[in-house]
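Worksheet: one structure, shown below.
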2 protein chains.
Amino acid sequence: MNTGKKILLVDDEQDILEFLSYNLKKEGYDLYTANNGNEALTIAKNVIPDLIILDVMMPDMDGMETCRILRELPGLQNVMIAFLTARNEDYSQIAGFEVGADDYINKPIKPRVLISRIKALLRRAEGDNSEKIEKIESGGIKIDRERYLIIQDGIELNLPKKEFELLALLASKPGKVFTRELILYSVWGGDVVVGDRTIDVHIRKLREKIGEDFIKTIKGIGYKFEF
Amino acid sequence: MNTGKKILLVDDEQDILEFLSYNLKKEGYDLYTANNGNEALTIAKNVIPDLIILDVMMPDMDGMETCRILRELPGLQNVMIAFLTARNEDYSQIAGFEVGADDYINKPIKPRVLISRIKALLRRAEGDNSEKIEKIESGGIKIDRERYLIIQDGIELNLPKKEFELLALLASKPGKVFTRELILYSVWGGDVVVGDRTIDVHIRKLREKIGEDFIKTIKGIGYKFEF
DNA sequence: TTCAATTATAAAAAAATCATTAAAATAATT
DNA sequence: AATTATTTTAATGATTTTTTTATAATTGAA
């Protein structure tokens, strides 16, 4: 029995990951796991799960922060996000909802409860038929994630990974300004911190390759893709 | 560049204190340092920092204990507190959160990582989730935060950051008079002090760009947006 | 009306941010 | 291991934005 629903589990404790994985797989969900926020971002971008379950308490980037960033990423606006919290930290619930969480699940977790909660959540999500973005096409530029290729006016362009990810991000929502912060999180990952000029250099390379006019600088904010 | 944010560092090792101080000052934070818990308490009471970074392991009064007391002090309930911990003592992490810590940072510390973490923490403290209005529309003027654009009679206008924020603020509530104080606070931020004429100049620029009649001066008080 | 306070304005100075290039460091491939 | 490709840093220059300064103009109260 397979529901075809994809769930991304994020927790720093391997035990919990395994425990939940086991129980959810049994119910026919496709499971993806991440040990920390950054991993979660990477996976989420590529997989676009139906539900993300985030532990609130994690080192480096906590659940809240992860959630906030996830919500900014194109394609992940409509994904259901649930938080795992230890029982008594209810202050975090308030903050969590502000950040865009859809539900809370208290530890310790009882499988039965969890599953019924998840079903409810996914049912709730059914309404949103959010198509995942495998191919982005805008302004004569096609982005093929599958083949890792940019196609511009019919001509195929091979870009190095970082450049590809950067362009894919910008082009995923033409017109939207992506802050440097968001770019860093989404292309580089939260704690792989690189110098500030790194983004610029990649932008330069992109402009060289696809033309000067597609990527516009919004000084003090970030960049946006336009055509 | 000065963020105006105050950080109190507490560690018994002078090396670490200096190392962190140096790196954080470079980022524009105001630094205060203490060698032990008691010193920390004294300073914190007087300064009310935005963030306190506490070494977990200190002689006499350890970080956890210091944290517990800090949290009791009036005015320090909402200060962000982060713990510095050696990598493997993760049981203390849990205890730390119970005591009221907002984050923990593992040693050894990489400056870049530290800084991105601190930014995240301070952002969290700001209550940065303060719903900034995404689209304001009034009197033929549309403000599109996502695209960072002003659209006037269908014509797109690019404004520099401060001008944009200022206009967005005024236009968010047409007719309402915004005092200079409020404008400063919300566009420039609580502790950034700029000269008195700065607002005027920005208003001038705005009037040049969108027309003279939208922004009205209320002498002695501030400005309002009308149409 | 007159005066003091406040704002307007333009131009200059200062600061912040980005662009660009070349070189260094990493990673991937052969 | 050597070569090549990619990524990052570092240094410098250019540009834009922000702030200050100085002076003029305006306002509203006495």
Side-chain angles (χ1 to χ4, degrees), chain A residues 148 150 157-170 177-181 183-184 186-189 191-225, chain B residues 1-4 23 26-29 110-113 115-116 119 148 150 157-170 177-181 183-184 186-189 191-225:
Chain A
Y148 223 79
I150 308 285
L157 245 179
N158 262 306
L159 296 181
K161 194 162 61 193
K162 286 269 152 50
E163 285 171 42
F164 182 91
E165 292 295 345
L166 177 53
L167 180 58
L169 177 68
L170 295 178
V177 181
F178 290 85
T179 64
R180 276 165 180 274
E181 192 201 5
I183 292 173
L184 275 181
S186 156
V187 177
W188 274 266
D191 44 37
V192 184
V193 190
V194 292
D196 240 357
R197 299 276 66 68
T198 304
I199 293 178
D200 309 33
V201 174
H202 284 267
I203 292 282
R204 170 94 284 274
K205 299 253 174 73
L206 278 177
R207 297 213 253 233
E208 261 165 23
K209 288 172 186 171
I210 66 171
E212 300 289 323
D213 303 326
F214 288 100
I215 299 168
K216 197 179 167 201
T217 306
I218 311 298
K219 218 170 171 163
I221 312 284
Y223 296 91
K224 69 169 147 179
F225 179 90
Chain B
M1 176 204 44
N2 190 317
T3 62
N23 281 288
K26 225 171 41 180
E27 290 295 312
Y29 298 107
K110 293 183 187 163
R112 284 274 173 64
V113 176
I115 285 157
S116 95
K119 281 184 183 160
Y148 220 79
I150 308 290
L157 245 181
N158 275 301
L159 296 181
K161 193 162 66 176
K162 286 268 154 52
E163 285 170 43
F164 184 94
E165 294 299 341
L166 176 53
L167 179 58
L169 176 68
L170 295 178
V177 180
F178 290 86
T179 65
R180 278 165 178 274
E181 194 196 1
I183 291 173
L184 273 182
S186 92
V187 176
W188 273 263
D191 20 41
V192 181
V193 185
V194 291
D196 239 1
R197 299 276 64 69
T198 304
I199 293 178
D200 309 34
V201 174
H202 281 90
I203 292 283
R204 169 94 286 271
K205 299 252 175 73
L206 277 176
R207 297 214 253 233
E208 262 167 21
K209 287 172 186 171
I210 65 170
E212 301 290 325
D213 303 326
F214 288 100
I215 299 168
K216 201 181 165 201
T217 306
I218 312 299
K219 189 161 171 159
I221 312 286
Y223 298 90
K224 71 172 164 176
F225 179 89

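In what follows, every chain begins at residue 1, and chains take the letters A, B, ... in the order their sequences are listed.
Side-chain contact between A:K161 and A:Y148: present, with at least one pair of heavy atoms (C-beta onward) separated by less than 4.5 Å. Between A:R207 and A:I203 there is a side-chain heavy-atom pair separated by less than 4.5 Å. Between B:L167 and B:F225, the closest side-chain pair of non-hydrogen atoms falls below 4.5 Å.
Contact check, B:T217 against C:dA8: a side-chain N or O comes under 4.0 Å of OP1 or OP2. Considering only side-chain N and O atoms, A:H202 lies nowhere under 4.0 angstrom from the phosphate OP1 or OP2 of D:dT6. OP1 and OP2 of D:dT7 both lie 4.0 Å or more from every side-chain N or O belonging to A:W188. Phosphate proximity of C:dT17 to A:Y223: absent, as no side-chain N or O sits under 4.0 Å from OP1 or OP2.
Atom CG in B:L167 sits about 13 Å away from atom P in D:dT18, given to the nearest Å. Atom OH in B:Y148 sits roughly 12 Å away from atom P in C:dT17 (whole-Å rounding). What separates CG of B:L166 from C1' of D:dT18 is a distance of 13 Å, to the nearest Å. When the P atom of D:dT18 is taken as reference, atom CG of B:D196 falls 18 Å away, rounded to whole Å. One atom, NZ of B:K209, and another, C1' of D:dT18, lie 12 Å apart when rounded to the nearest Å. Rounded to whole Å, the distance from CG on B:L184 to P on C:dT7 is 12 Å. Between A:D213 atom CG and C:dA19 atom P the separation is 14 Å, expressed in whole Å. Regarding A:E165, its CD atom lies at a distance of 12 Å from the P atom of D:dT8, rounded to whole Å.
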Next item on the list: I would like to know whether A:E165 and A:L169 meet side chain to side chain contact (heavy atoms under 4.5 Å, CB included); could you show each step before the answer?
Entry: CA-CA 6 Å; A:E165 292 295 345; A:L169 177 68; over 6 Å; no
Check: Given B:D200 and B:R180, is the salt bridge (charged side-chain N to carboxylate O under 4.0 Å, His left out) satisfied, shown in steps?
Finding: CA-CA 10 Å; B:D200 309 34; B:R180 278 165 178 274; 3.1 Å; yes
Next item on the list: Start with the C-alpha gap between B:K209 and B:E163, add the side-chain angles, then the distance that decides, and say whether salt bridge (charged side-chain N to carboxylate O under 4.0 Å, His left out) holds.
Entry: CA-CA 10 Å; B:K209 287 172 186 171; B:E163 285 170 43; 2.8 Å; yes
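One finds the CG atom of A:L159 at 11.5 Å from the NE2 atom of A:H202 (value rounded to the nearest 0.5 Å). The structure places CG of B:L206 at 11.0 Å from CZ of B:F164, a figure rounded to the nearest 0.5 Å.
No engagement by B:F164 is indicated, since no non-hydrogen atom pair under 4.0 Å with the nucleic acid exists. In this structure, A:T198 reaches the bases: a heavy-atom distance under 4.0 Å links it to at least one base atom across the strands shown.
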Below 3.5 Å is the cut-off: list the nitrogen or oxygen pairs between protein and nucleotides 20-23 of chain C, distance only.
| residue | atom | partner | partner atom | Å |
| --- | --- | --- | --- | --- |
| C:dT20 | OP2 | A:R204 | NE | 2.6 |

Protein N or O to nucleotides 15-17 of chain D N or O, pairs below 3.5 Å:
| residue | atom | partner | partner atom | Å |
| --- | --- | --- | --- | --- |
| D:dT15 | O2 | A:K219 | NZ | 2.8 |
| D:dT16 | O4' | A:K219 | NZ | 2.9 |

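No close placement of the B:F178 and B:Y223 rings is indicated, their centers lying 6.0 Å or farther apart.
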